[in-house]
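All residue numbers refer to positions in the sequence shown, counting from 1.
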Amino acid sequence: TGMNGTAIENFVCVIFNVSFMNCTWHVGRNASGDTQYFLYWKTSRQVDLLESREFWKEDFTGCQNYMKDNYGRHTGCRFQNVTIENKRAHFLVNGSRNGQNIQSISDYILVEKLTPPLNVTVNCTEASHGCEIQWQPPRTSHVKRRACFKYEIVIENK
């Protein structure tokens, strides 16, 4: 429902430093200066609940820290203390324009910028003419399997 071209576009959320999330979007092509958007999000374990009305009524967290454009329209949000773990993130953006509803969206991109690996140690010995390098995976908001990580080591002689 809602007028064509009023839905947000290019909706992207980036998780960084494990528990912070910034979500940004572009205002819809046909959105007037008085269009206002509101972002809500939640996590859940089950995807099949998406079809139920009860799923969309409960436990959404609304944005408390909006980013705005020159017209004062919300174009992003900063969240703190984000925890996704082994769940799925669900986003809801609604709003209005002159009392009319805006179109909803279903596409989004969720990215996590990883911190460096933890506890990096380098142990070099003359006898073997080599070095042993060890580390632990970085802390993340949701990826817990070691197999998900690929590493690249760049060695420079100094």
Please check if [X] and [Y] belong to a single hydrophobic cluster, counting links between Ile, Leu, Val, Met, Phe, Trp and Tyr side chain heavy atoms closer than 4.5 Å.
{"X": "Val14", "Y": "Val18", "answer": "no"}
{"X": "Val111", "Y": "Phe20", "answer": "no"}
{"X": "Val27", "Y": "Tyr108", "answer": "yes"}
{"X": "Ile109", "Y": "Ile15", "answer": "no"}

Would you indicate whether the side-chain heavy atoms of Ile153 and Trp135 approach each other to under 4.5 Å? yes
Taking the side chain as every heavy atom from C-beta outward, state whether Phe38 and Cys63 have any atom pair closer than 4.5 Å. no
With a 6.0 Å cut-off (strictly less than), is the heavy-atom count around CG of Asn65, excluding the residue itself, greater than 12?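 Result for CG/Asn65: enclosed.
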Between Trp41 and Ile84, is a side chain to side chain contact (heavy atoms under 4.5 Å, CB included) present by the stated rule, with each step listed? CA-CA 11 Å; Trp41 88 288; Ile84 295 178; 4.1 Å; yes
Hey, is the main chain of [Y] close enough, under 3.5 Å, to the side chain of [X] for a donor-acceptor pair?
{"X": "Thr6", "Y": "Ala31", "result": "no"}
{"X": "Arg29", "Y": "Asn4", "result": "no"}
{"X": "Tyr66", "Y": "Leu39", "result": "yes"}
{"X": "Gln134", "Y": "Asn119", "result": "no"}
{"X": "Gln36", "Y": "His74", "result": "yes"}

If you measure from [atom1] on [X] to [atom2] on [Y], what distance do you get to the nearest 0.5 Å?
{"X": "Thr75", "Y": "Asn10", "atom1": "OG1", "atom2": "CG", "answer": "12.5 Å"}
{"X": "Glu132", "Y": "Cys124", "atom1": "CD", "atom2": "SG", "answer": "10.0 Å"}
{"X": "Leu110", "Y": "His90", "atom1": "CG", "atom2": "NE2", "answer": "11.0 Å"}
{"X": "Met67", "Y": "Trp25", "atom1": "CE", "atom2": "CH2", "answer": "7.5 Å"}

Closest approach of [X] to [Y] (non-hydrogen atoms, all atoms of both residues):
{"X": "Asn22", "Y": "Arg78", "answer": "OD1-CG, 3.2 Å"}
{"X": "Val122", "Y": "Cys131", "answer": "CG1-CB, 4.3 Å"}
{"X": "Leu92", "Y": "Phe60", "answer": "CB-CE2, 4.0 Å"}
{"X": "Pro138", "Y": "Pro116", "answer": "CB-O, 3.5 Å"}
{"X": "Asn94", "Y": "Ile102", "answer": "C-CD1, 3.8 Å"}

Please say which of Phe11, Tyr37, Tyr40 ends up in a ring-ring contact (aromatic ring centres under 6.0 Å, His included) with Phe91. Phe11
Return yes if a side-chain donor-acceptor contact under 3.5 Å exists between Ser141 and Glu112, otherwise no.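 Yes, Glu112 and Ser141 have a side-chain donor paired with an acceptor closer than 3.5 Å.
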Answer yes or no: is the gap between the SG atoms of Cys77 and Cys23 smaller than 2.5 Å? no
Apply side chain to side chain contact (heavy atoms under 4.5 Å, CB included) to the pair Thr140 and Phe149, showing each step before the final yes or no. CA-CA 11 Å; Thr140 69; Phe149 294 98; 3.8 Å; yes
